[in-house]
Amino acid sequence: MLWYAGKRFLQMIPVFFGATFLIYFMVFAVPGDPIAALYGDRPPAPGVIELLRAEYNLDKPFIVQYLLYIGGLFQGDFGTTFSGRPVADVMAQAFPITARLAMLALAIEAFFGIIVGLIAGLRKGKLFDASALVISLLLISVPTFVVGFVLQLVFGIQLGWARTTVSGDAPWNELIMPAIVLASVSFAYIVRLTRASVADNLGADFVRTATAKGLSRRRVVTVHVLRNSLVPVVTYLGVDIGSLMVGAIVTEGIFNINGVGGTVYRAITLGEGPTVVSFVAVMVIIFVLANLLVDLLYAALDPRIRYAK
Amino acid sequence: MKRSRIGVSAVALLSASALVLAGCAAGEEPATGDSAAIITTNGSEPQQLLIPTNTTETGGGKVVTSIFAGLVSYTSDGDVENEVAKSIESEDGQKWTVTLNDGWTFTNDEPVTSDSFVKAWQYGALLSNAQSSSYFFDNIEGFSYDEDSELTGLEVVSDTEFTVNLINPEADFPLRLGYSAFMPLPESAWDDLDAYGENPVGNGPYMLDGDSAWQHDVKIDLVTNPDYDGVRKAVNGGVSIIFYTSQDAAYADALGGNLDILDAVPDSAFETYESDFPGRSVNQPAAIFQAFNMPYYLEHWSGDEGKLRRAAISMSIDRKEITDVIFQGTRTPATDFTSPVIAGHSDNLAGAEVLDFNPDEAKKLWAEADAIAPYGDTVFDLAYNADGGHQAWVDAVANSISNTLGIEAVGKAYPTFKDALNDRDANKLTGATRAGWQADYPSLYNFLGPLYVDGAGSNKEGYSSPEFEKILAEGASASSVEEATAKYQEAQEILLVDLPSVPLWYSNVTGVYSDSVDNVVFGWDSVPLYNEVTKG
């Protein structure tokens with residue numbers, strides 16, 4: 001088990017370098033001069049643009065730019081944004097907010113998704129099951145921004161129950177509505193995954209055996225059916241941590257949350273290499289760690305899975 | 001300047017009475033409001049540290065104009081009023097003498113002296129400091145675009161007087177002095193400019209609310225500067241500028257009551273903002289001029305034939321209908337080459353009828369041009385950048401031209417602003433091109449010189465008229481602003497005949513404000529005059 005985890009950690013090194021190299025190259029390959037684009041209709045004097053290009057190493061060949069960035073990284077320097085702020089500061093501000101939002105969304109979708117999915121699976125074909133299917137289909141087909149704007153309009157503006165946008169410090173209570181929006185689609189998938197899995201397992205041999213042994217219905221459902229049904233759901237949640245962290249651009253935009261998605265989007269449009277790569281590198285690590293965690297959880301959930309040498 | 005003196009005392013009286021009222025009646029008087037109330041408004045994270053000479057975008061500009069007072073400031077209709085300056089005088093428009101008022105201080109109690117201005121301008125102009133506003137100093141003697149060079153035209157006479165020698169005469173030179181590039185900096189700024197830019201100390205109506213007033217990407221908190229005694233004295237307690245990444249989110253906050261003033265209504269709300277905020281919305285022209293140009297290097301568009309065709313094209317466009325239908329009235333049809341918020345703007349220049357929709361006359365002129373050289377079935381295309389939301393009006397203009405003149409007119413989309421600019425710079429256009437201009441300071445010259453003088457940086461389509469340049473130069477060296485304005489209007493009358501650029505409309509600023517604030521007036525630069533807003 002430990003050996004397995006160690007091997008997976010070592011795999012992160014090539015993944016990290018490969019990802020940063022590719023991303024840096026992609027930012028570099030975006031056409032247009034980032035400095036000229038920064039000022040748009042009001043370009044500064046040509047000499048000033050040249051000086052700024054030199055300051056951000058934009059006048060150097062790609063490989064030199066990349067090596068300078070990596071060199072700085074090993075000294076703990078993530079580079080600076082075009083506004084002169086250290087990227088490390090920007091990350092320290094954005095990641096906690098997005099992490100809170102993502103965790104809240106994950107908790108909401110996991111908790112409600114598994115409960116609804118379990119009940120629907122146990123009562124397959126009944127009214128509850130049918131309505132769960134319809135609602136989840138609806139949530140999957142309606143784009144996130146529609147859900148976002150509708151909730152903002154109804155609960156934020158008309159009823160006034162929640163703040164229309166999230167204030168600067170992004171306190172937990174203000175993040176509930178955005179987290180619901182963010183969780184909506186994944187919630188629908190989890191309901192469907194859990195439902196299918198539970199319905200499958202109900203007819204499995206080990207469940208019949210457990211029932212035949214005389215275990216209570218409650219114990220059969222929670223220990224035998226649910227635990228085994230969670231394997232695909234956990235896989236999905238693991239992958240979803242990554243997409244919740246990265247994919248919150250739309251939700252963050254609607255609720256004016258100053259998180260990772262919006263920052264990366266802005267940095268990409270500005271062509272701000274160090275910001276994009278630093279953020280993406282951290283996200284790659286989060287992704288890899290989340291996947292590792294999922295793989296380890298398998299063993300805990302399913303006794304048939306063992307990580308041998 | 002007698003006028004500004006009167007202004008000072010009137011405002012001072014007003015705010016004094018506001019203080020008294022707030023003291024005894026706790027803001028029951030709606031006209032004056034609560035002098036401690038903080039106004040919330042929208043903004044965006046400043047792109048750079050808050051160094052005035054490096055602030056050219058609106059996010060930082062809003063803050064800089066609030067926390068600094070320059071030699072002059074602008075009224076809502078684009079006039080200048082003296083602030084730190086007691087007088088700015090010149091005999092010939094070339095050698096200027098600036099005298100400062102006594103008693104001005106920065107919020108760290110340093111006095112504002114001639115050095116505060118001269119050192120800041122020297123810093124801003126020096127090439128190696130790479131300040132984005134450096135080109136604003138290019139008419140001051142000693143300026144160089146190519147190497148580090150001191151502005152020898154700036155000379156300190158005493159603590160309250162300095163002189164400015166210009167390379168070319170500029171009658172309305174004082175008009176540019178309210179722009180952020182010309183603000184003074186305290187001596188303490190030079191110790192560590194980066195630290196200063198994080199937490200700038202100014203001399204304006206507002207100041208930063210402590211060390212952590214600027215929360216990056218979140219907001220910036222300004223409070224009233226109690227020592228400020230200029231013409232923009234604040235009647236509220238401060239302004240909190242909240243940064244939004246999308247205007248839709250800001251609009252939702254205004255609707256939800258979390259934002260007092262929004263100065264940019266999103267496109268998506270153009271149809272509803274007036275009913276969402278009845279009587280509390282603003283829709284007025286901004287200092288933005290929109291037009292399209294036909295290059296002089298193309299066949300059919302130069303000489304007498306070109307003049308006739310330009311006029312015909314101009315008269316075949318129904319500006320009123322397009323601004324109403326496509327823009328829901330958030331554009332104002334053009335009547336000159338400047339903007340209505342600029343002092344000296346005119347809607348009755350001789351020859352301005354060429355901007356009216358007149359299909360019969362258009363057809364007649366087009367036929368006269370065809371008699372010189374037939375246009376045949378050449379396609380008239382109008383280039384625009386597809387990333388700027390221009391397609392709707394370009395198609396409407398093309399249709400309007402097609403329907404009137406019976407020629408094939410189409411829009412030609414470039415993917416980005418930069419692509420379109422490349423072809424313009426390389427003289428590779430195949431037809432007309434979208435053109436727009438936003439003024440940095442409220443001056444007629446700023447709309448004319450850079451765009452239509454032969455060889456000027458933004459005269460990309462090759463217009464050249466010695467007569468126009470002669471009158472423009474006369475305006476620049478005129479002895480008074482009134483005389484200069486008359487010359488600039490005369491120069492525009494030549495442009496109306498030649499039409500190097502076909503004026504379309506002025507962009508409007510559209511804003512809304514909640515019922516908790518009153519007296520919301522938008523400045524010439526489309527930013528609300530925060531100091532006049534009352535709340536509570």
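So that the names make sense, note that chain A is the first sequence line, chain B the second, and so on, each numbered from 1.
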Take atom CZ in F270(B); do more than 12 heavy atoms of anything else shown fall under 6.0 Å from it? yes
So does Y196(B) have more than 12 non-hydrogen atoms from other groups sitting under 6.0 Å from OH? yes
Please identify, among N54(B), V218(B), N258(B), the residue contributing the most non-hydrogen atom pairs under 4.5 Å to chain A. N258(B)
Closest-packed option against chain A by number of heavy-atom pairs under 4.5 Å, given K219(B), Q131(B), E45(B): Q131(B)
For chain B, which residues from residues 74-81 of chain A have at least one heavy atom closer than 4.5 Å to it? none
What are the residues of residues 172-181 of chain A, in order of number, with any heavy atom under 4.5 angstrom from a heavy atom of chain B? none
Distance-only donor-acceptor pairs under 3.5 Å for side chains of residues 149-163 of chain A, two or more places apart:
residue	atom	partner	partner atom	Å
Q152(A)	NE2	T164(A)	O	3.1
Q152(A)	NE2	I254(A)	O	3.2
R163(A)	NH1	T165(A)	O	2.9

Tell me the closest heavy-atom pair linking V48(A) and S134(B), and the distance in Å. CG2-OG, 3.5 Å
Contact origin within [X] toward chain A - heavy atom pairs under 4.5 Å:
X: F136(B); result: neither
X: T245(B); result: both
X: Q47(B); result: both

Does N256(A) use its side chain to pair, donor to acceptor, with the backbone of D253(B) at less than 3.5 Å? no
Any residue meeting ring-ring contact (aromatic ring centres under 6.0 Å, His included) with F279(A), in chain and number order, not counting sequence neighbours: F95(A)
Looking at R266(A), R85(A), Q93(A), which makes the most heavy-atom pairs under 4.5 Å with chain B? R85(A)
With rounding to the nearest 0.5 angstrom, report the CG to OG distance, D217(B) to S83(A). 7.5 Å
